[in-house]
Amino acid sequence: MKIAVEGCMHGDLDNVYATLLHLQEVEKVKIDLLICCGDFQAVRNEKDLKSLNVPSKYRTMNSFWKYYSGEKVAPFPTIFIGGNHEASNYLWELYYGGWAAPQIFFLGFAGVVKFGNVRIGGLSGIYKSNHYYTGHYEKLPYNEQDIRSIYHVREYDVHKLMQVQEPIDIFLSHDWPLGITDYGNSQALIRQKPFFEQEIQERTLGNPAAEDLMAKLKPSYWFSAHLHCKFSALVQHGENGPLTKFLALDKCLPGRKFLQVFDIESEPGPYDLQYDEEWLAITKKFNPIFPRTRAQPNYSDAKLNVEECRRFVKDKLQTRGGKPFEFVRTAPCHNSSQSAANNLQSENCRNPQTEDLLELLGLQYRL
């Protein structure tokens with residue numbers, strides 16, 4: 001399987017897809033999947049721009065809306081996580097993951113899926129210690145504080161990922177795992193980004209939750225973005241343990257190292273995106289304690305037995321199939337007609353994909 005990895009998208013889908021289509025033509029290869037490591041900016045309309053925490057000069061529609069509206073279709077299956085510059089109101093609708101547009105899948109605030117037989121996990125957002133142990137307390141419409149905290153990583157989502165036992169092939173985080181610079185050429189990084197030196201020395205550059213996840217999950221590949229530079233590292237887990245190949249990439253701009261294509265062993269195609277059975281079981285176990293206040297959740301209150309959850313999920317997927325629920329537009333699109341806009345919601349929307357997934361799992365809607 002040939003997978004393209006992109007750093008920070010910043011809404012520039014047109015240029016990233018055009019670059020890959022050109023690469024396919026010149027190199028005579030076929031790209032099977034595009035992965036984006038955050039700052040995707042799935043902005044559908046002018047209202048979505050209000051939940052985008054960026055300086056005013058960057059608050060622009062860019063090109064995602066064309067794919068949301070159906071004017072264009074992504075030429076490759078695309079999987080992305082969230083960063084710190086997102087249309088957070090839209091991503092919140094798809095907290096558990098789902099199609100943000102046809103062919104474009106959001107992994108959720110935390111999630112694991114399968115593409116073919118390749119298992120891909122991810123954690124959205126960036127780490128801030130003052131919000132890590134709180135619940136997802138933000139409410140729409142977001143105020144000036146909420147628009148910044150909504151994308152801060154929460155312990156609840158990390159705790160769920162820490163329950164994963166089966167091997168992960170690829171893992172995504174927006175900010176880098178803390179300490180990853182110990183495993184690559186940190187001096188070359190400092191020459192490129194001198195202001196990183198103090199953070200590297202003080203061991204504050206990166207996400208400590210992501211560091212814990214890397215140590216637990218030991219994925220074959222880990223991709224990140226956020227710091228707008230390319231950096232590679234090789235992490236060996238234990239003296240003779242497995243290796244994790246780490247790569248961070250830049251944002252989509254001319255002359256920047258924002259894209260990498262690599263091959264991963266897989267079964268023959270064609271490839272479909274599928275729900276992950278183990279991850280859905282973990283979601284079922286912990287959803288009853290989903291935290292919607294500032295209080296830290298009590299994990300001992302998650303009484304469901306994970307093996308029973310696994311059997312429940314297995315039965316459901318055998319009956320229904322494992323493909324995610326179909327994409328549904330839930331908000332008016334930029335340039336869409338007034339009549340279409342009147343039939344669509346734009347605030348506090350319950351996305352049918354989320355409702356259908358929760359119904360499949362027998363879970364209460366808590367968003």
Side-chain angles (χ1 to χ4, degrees), residues 1-4 13 17 30-36 40 42 44 64 67-70 72-82 90-124 160-161 164 166-172 264-287 309-330 349-363 365 367:
M1 185 187 298
K2 196 170 289 291
I3 299 178
L13 283 72
Y17 288 141
K30 180 182 180 297
I31 305 296
D32 296 300
L33 176 68
L34 170 64
I35 290 173
C36 176
F40 190 81
R44 303 165 294 180
F64 171 79
Y67 299 86
Y68 181 78
S69 69
K72 291 188 173 185
V73 178
F76 316 98
T78 302
I79 295 174
F80 74 97
I81 57 167
Y90 185 28
L91 297 191
W92 181 252
E93 289 181 23
L94 298 170
Y95 168 83
Y96 301 93
W99 298 109
Q103 284 266 87
I104 301 174
F105 191 86
F106 174 49
L107 257 184
F109 278 54
V112 181
V113 296
K114 286 181 177 176
F115 186 72
N117 66 331
V118 175
R119 201 161 182 238
I120 302 170
L123 176 68
S124 291
K160 287 169 62 183
L161 287 165
V164 172
E166 296 169 6
I168 296 281
D169 298 299
I170 297 169
F171 197 87
L172 314 175
I264 188 169
E265 288 188 16
S266 70
E267 61 189 15
Y271 307 107
D272 283 325
L273 189 69
Q274 301 272 337
Y275 286 129
D276 183 83
E277 187 180 292
E278 184 188 25
W279 179 250
L280 292 188
I282 292 168
T283 298
K284 182 170 176 62
K285 175 177 174 61
F286 288 99
N287 203 65
C309 292
R310 183 70 179 260
R311 287 193 289 273
F312 178 93
V313 169
K314 188 180 184 71
D315 288 344
K316 289 289 186 179
L317 294 185
Q318 283 179 342
T319 301
R320 179 199 169 270
K323 287 188 178 182
F325 291 95
E326 292 183 3
F327 167 72
V328 181
R329 278 177 59 188
T330 55
C349 177
R350 289 192 173 203
N351 195 297
Q353 294 180 76
T354 299
E355 291 188 302
D356 288 345
L357 176 61
L358 292 173
E359 183 179 352
L360 178 72
L361 298 179
L363 296 174
Y365 188 97
L367 300 183

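Everything numeric in this text was worked out from a predicted model, so none of it was measured.
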**Message:** Other residues, nucleotides and ligands only: do more than 12 of their heavy atoms fall within 6.0 Å of CD on E267?
**Reply:**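 Yes - once you tally the heavy atoms of other residues, nucleotides and ligands closer than 6.0 Å, there are more than 12.
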Closest heavy-atom pair and its distance - [X], [Y]:
X    : Y    : result
I81  : G122 : CG2-CA, 4.1 Å
V328 : P352 : CG1-CG, 3.9 Å
I104 : A74  : CG1-CB, 3.9 Å
C309 : A281 : CB-O, 3.6 Å
P77  : L33  : O-CD1, 3.3 Å
E265 : V118 : O-CG2, 4.2 Å

*asked:* Is a donor from one side chain sitting under 3.5 angstrom from an acceptor on the other, for Y271 and S266?
replied: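 Side chains of Y271 and S266: pair found under 3.5 Å.
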To the nearest 0.5 Å, what is the distance between [atom1] ([X]) and [atom2] ([Y])?
X    : Y    : atom1 : atom2 : answer
K285 : F312 : NZ    : CZ    : 15.0 Å
K2   : I31  : NZ    : CD1   : 6.5 Å
C36  : L107 : SG    : CG    : 11.0 Å
L363 : L357 : CG    : CG    : 8.0 Å
I264 : D32  : CD1   : CG    : 11.0 Å
R329 : N351 : CZ    : CG    : 12.5 Å

* Asked: Side-chain contact, heavy-atom cut-off 4.5 Å: I170 with I3?
  ->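 They are in side-chain contact.
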message = I want to check something: taking the side chain as every heavy atom from C-beta on, are Y17 and K72 in contact at a cut-off of under 4.5 Å?
response =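 No, their side chains stay 4.5 Å or more apart.
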**Prompt:** Which is it for L280 and L317 under the side-chain contact (heavy atoms from CB on, under 4.5 Å) test, yes or no, and what are the steps along the way?
**Reply:** CA-CA 10 Å; L280 292 188; L317 294 185; 4.3 Å; yes
Residues in salt bridge (Lys or Arg N to Asp or Glu O under 4.0 Å) contact with [X], at least two apart in sequence or another chain:
X    : result
D169 : none
E355 : R350
K114 : none

So, using side-chain hydrogen bond (donor to acceptor under 3.5 Å, both in side chains) as the criterion, who are the partners of [X] when residues are at least two apart?
X    : answer
N287 : Y96
E278 : R119
T354 : none

- Message: Before you tell me yes or no, could you show the steps for L91 and F40 under side-chain contact (heavy atoms from CB on, under 4.5 Å), namely the whole-Å CA-CA distance, both residues' side-chain angles and the distance that decides it to 0.1 Å?
- Response: CA-CA 10 Å; L91 297 191; F40 190 81; over 6 Å; no
Residues that [X] engages under side chain to side chain contact (heavy atoms under 4.5 Å, CB included), provided they are two or more places apart:
X    : answer
F286 : Y156, H159, K160, Q163, I282, I289, Y299, A302
E359 : D356
Q318 : K314, D315
A110 : L123, D157, L161, W279

Item to complete: Give a yes or no on whether the backbone of W99 and the side-chain of Q353 come within a donor-acceptor separation of less than 3.5 Å.
Response: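 Yes: the side chain of Q353 pairs with the backbone of W99.
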Exercise. When you measure from the side chain of Y90 to the backbone N and O of A100, does any donor-acceptor pair fall under 3.5 Å?
Worked result: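 Indeed, once roles are kept as given, a pair shorter than 3.5 Å links the two residues.
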(Q) Let's go through T78 and L13 carefully: what are the C-alpha distance in whole Å and the side-chain angles of both, what is the deciding distance for side-chain contact (heavy atoms from CB on, under 4.5 Å) to 0.1 Å, and is it a yes or a no? (A) CA-CA 10 Å; T78 302; L13 283 72; over 6 Å; no
### Message
Set out, in order, the CA-CA distance, both residues' side-chain angles and the distance that settles side-chain contact (heavy atoms from CB on, under 4.5 Å) for Y275 and T283, then state yes or no.
### Response
CA-CA 12 Å; Y275 286 129; T283 298; over 6 Å; no
Return each pair, listed once, that meets salt bridge (Lys or Arg N to Asp or Glu O under 4.0 Å) where at least one residue sits in residues 90-101; pairs must be two or more places apart or across chains.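 Non-adjacent pairs meeting salt bridge (Lys or Arg N to Asp or Glu O under 4.0 Å): R44-E93.
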query: Do the ring centers of F105 and F80 come within less than 6.0 Å of each other?
result: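 Between F80 and F105, which both carry aromatic rings, the centre distance is not below 6.0 Å.
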| Excluding sequence neighbours, so at least two apart, what forms ring pair (Phe, Tyr, Trp, His ring centres under 6.0 Å) with F109? |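 Ring pair (Phe, Tyr, Trp, His ring centres under 6.0 Å) list for F109, sorted by chain: W92, Y95, H136.
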